[in-house]
There are 2 protein chains.
Amino acid sequence: MVYFFMKSGDNGMTSKITAKSAKEELFMKCDLVQELNFLVARMRSLGSTRANHALKPLGLKVRSYSVLSLACSDITPTQRDLAEFLALDPSQIVPLVDGLETSGLVSRIPDPSDRRSKVIVATAAGRKLYAQARKITRQNEDETLEALTPQERLQLRDLLSRVALADAE
Amino acid sequence: MVYFFMKSGDNGMTSKITAKSAKEELFMKCDLVQELNFLVARMRSLGSTRANHALKPLGLKVRSYSVLSLACSDITPTQRDLAEFLALDPSQIVPLVDGLETSGLVSRIPDPSDRRSKVIVATAAGRKLYAQARKITRQNEDETLEALTPQERLQLRDLLSRVALADAE
DNA sequence: ATAAACCATTGACTTTCTCAAGGATTAAAG
DNA sequence: CTTTAATCCTTGAGAAAGTCAATGGTTTAT
């Protein structure tokens, strides 16, 4: 426990290297590493910054990319739908759609069957950009899942989606 | 595709219900649901608010709980270690530890082998509270993973940790 | 001995989150 | 049919979280 405090006959440098890898080893065995919330939080922190960086050349971030993806689907989602799917507050959707609309990637179409809500659909330019962005995210995800076999990747996606979408059924 | 725009001979009400479940069905099949980043982002959004709520009676949030957990482990982490483990900026650790220290749950101990860094260790009160908090998070995680069998839960944790900790080896 | 790198901390700044409220519209109740 | 209640989008305010550069004290590298 006080292993790192020992300063016997060493010059201090080598002991710190061993201390570092020793800490990492202990870290891999600590309680927190078994907790879902921690793993997911760490993964999304690393993953989103990484994905944001990868999407930057297209002028997209993970959020706007997600909205664009849903706008390209055949869901024809309203802004409320987007909020539910993405687990965001409806007020967060507004500036997201604003940005995409200003860039000419999506359009707000008043829903004829309910004039309160607006359906978000991608423009031709939006679909074109999405096709490019999809390639990037696919590549990015492959790199992220490098440690897993193809089967394990499918398994992970399956398990994750069953948990993450459990309440959105 | 324009399914939801049809307003034939219905009163509008029943068609919206079917439209809703139809959208959910489409949602489960759309591209985004297969993407790791989306699943993880959604899961952590729902999971952290849920966990924060569960930990509230103890005066903890997921973040402070995570720091407390590591402070209770035998890692004897410095604040930089905490930042790396939790994938946070070092400057974010400061107010986190401040809060726990003010509450008497952890202590900053100057590292004798490197007087720049401070080791964060839990106090007796901190360990006591962590024991309670751990029960809550365990219970909470069980509920979250309700849709999975015990084996699948192990599998998910294994796959997740291999991906999430790939670069922290 | 000097220069370079590192740790914790601060501060400024941006982004994201969380709520509450409002106008327009639709659903429910009488 | 009229009133009431609920819903959708939007706005705005305030809290929380993320990002980045700079500093004092300390340690490593040259």
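Below, read A as the first sequence line, B as the second, and so on, with proteins coming before strands; counting in each chain starts at 1.
Atom C1' of nucleotide D:dG24 and atom CZ of B:R115 are separated by 14 Å, given to the nearest angstrom. Protein atom CD of B:E84 is 8 Å distant from nucleotide atom P of C:dC7, rounded to whole Å. Distance B:L46 CG to C:dT18 C1': 15 Å, rounded to the nearest Å. Taking atom CD1 of residue B:I120 and atom P of nucleotide C:dC7, one finds them 14 Å apart after rounding to whole Å. For the pair B:L88 CG and C:dT16 C1', the interatomic distance rounds to 15 Å; values are reported in whole Å. Between the CG atom of B:N52 and the P atom of D:dA15 there is a distance of 18 Å, given to the nearest Å.
Judged as a side-chain contact (heavy atoms from CB on, under 4.5 Å), and not counting sequence neighbours, the contacts of B:D142 are B:R153. Considering only residues two or more places apart in sequence or on other chains, B:A122 meets the side-chain contact (heavy atoms from CB on, under 4.5 Å) condition with B:L68, B:A71, B:C72, B:R127. With sequence neighbours excluded, no residue satisfies salt bridge (charged side-chain N to carboxylate O under 4.0 Å, His left out) with A:E25. Take A:T149 and apply the side-chain contact (heavy atoms from CB on, under 4.5 Å) test, not counting sequence neighbours, and it matches A:Q151, A:E152. With sequence neighbours excluded, the residues forming a side-chain contact (heavy atoms from CB on, under 4.5 Å) with B:P90 are B:R80, B:A83, listed by chain and number.
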Short heteroatom pairs, N/O only, protein and nucleotides 21-23 of chain C, under 3.5 Å:
none

Counting only pairs under 3.5 Å, give me each side-chain donor-acceptor contact of residues 60-67 of chain B, with atom names and distances, residues two or more places apart or in other chains.
{"unit_1": "B:S64", "atom_1": "OG", "unit_2": "B:K61", "atom_2": "N", "d": "2.8"}
{"unit_1": "B:S64", "atom_1": "OG", "unit_2": "B:K61", "atom_2": "O", "d": "3.2"}
{"unit_1": "B:Y65", "atom_1": "OH", "unit_2": "A:E35", "atom_2": "OE1", "d": "3.4"}
{"unit_1": "B:Y65", "atom_1": "OH", "unit_2": "A:E35", "atom_2": "OE2", "d": "2.5"}
{"unit_1": "B:Y65", "atom_1": "OH", "unit_2": "B:T137", "atom_2": "OG1", "d": "3.1"}
{"unit_1": "B:S66", "atom_1": "OG", "unit_2": "B:V62", "atom_2": "O", "d": "2.8"}

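Side chain to side chain, A:T78 and A:D81 meet the donor-acceptor criterion of an N or O pair below 3.5 Å.
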Once each nucleotide of nucleotides 4-13 of chain D is scored for protein heavy atoms under 4.0 Å, what B/S/- sequence comes out, 5' to 3'?
--BBSSBBB-
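Within the helix from C:dA1-D:dT30 to C:dG30-D:dC1, the inter-axis angle between the opening and closing five-pair segments is 30°, rounded to 10°.
Here A:T76 contributes atom OG1 and B:L26 contributes atom CG; the two are 7.5 Å apart, rounded to the nearest 0.5 Å.
Between B:F38 and B:F27, the ring-plane angle classifies as perpendicular under the 30° and 60° cut-offs.
Counting only residues at least two apart or on different chains, the salt bridge (charged side-chain N to carboxylate O under 4.0 Å, His left out) pairs with a member in residues 87-103 of chain A are A:D98-A:R108, A:E101-A:R108. Residue pairs meeting the salt bridge (charged side-chain N to carboxylate O under 4.0 Å, His left out) criterion with at least one member in residues 46-57 of chain B, sequence neighbours excluded: B:R50-B:E143.
At least one donor-acceptor pair under 3.5 Å links the side chain of A:S103 to the backbone N or O of A:G99.
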A:R115 vs A:D111, salt bridge (Lys or Arg N to Asp or Glu O under 4.0 Å): CA-CA, chis, key distance, verdict
CA-CA 5 Å; A:R115 290 187 334 236; A:D111 187 342; over 6 Å; no
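For the segment residues 61-69 of chain B, the set of residues with a heavy atom within less than 4.0 Å of an atom of DNA chain D comprises B:K61, B:R63, in numerical order.
Within the nucleic acid shown, B:T49 comes within 4.0 Å of sugar-phosphate atoms alone, with no base atom in reach, counting heavy atoms only.
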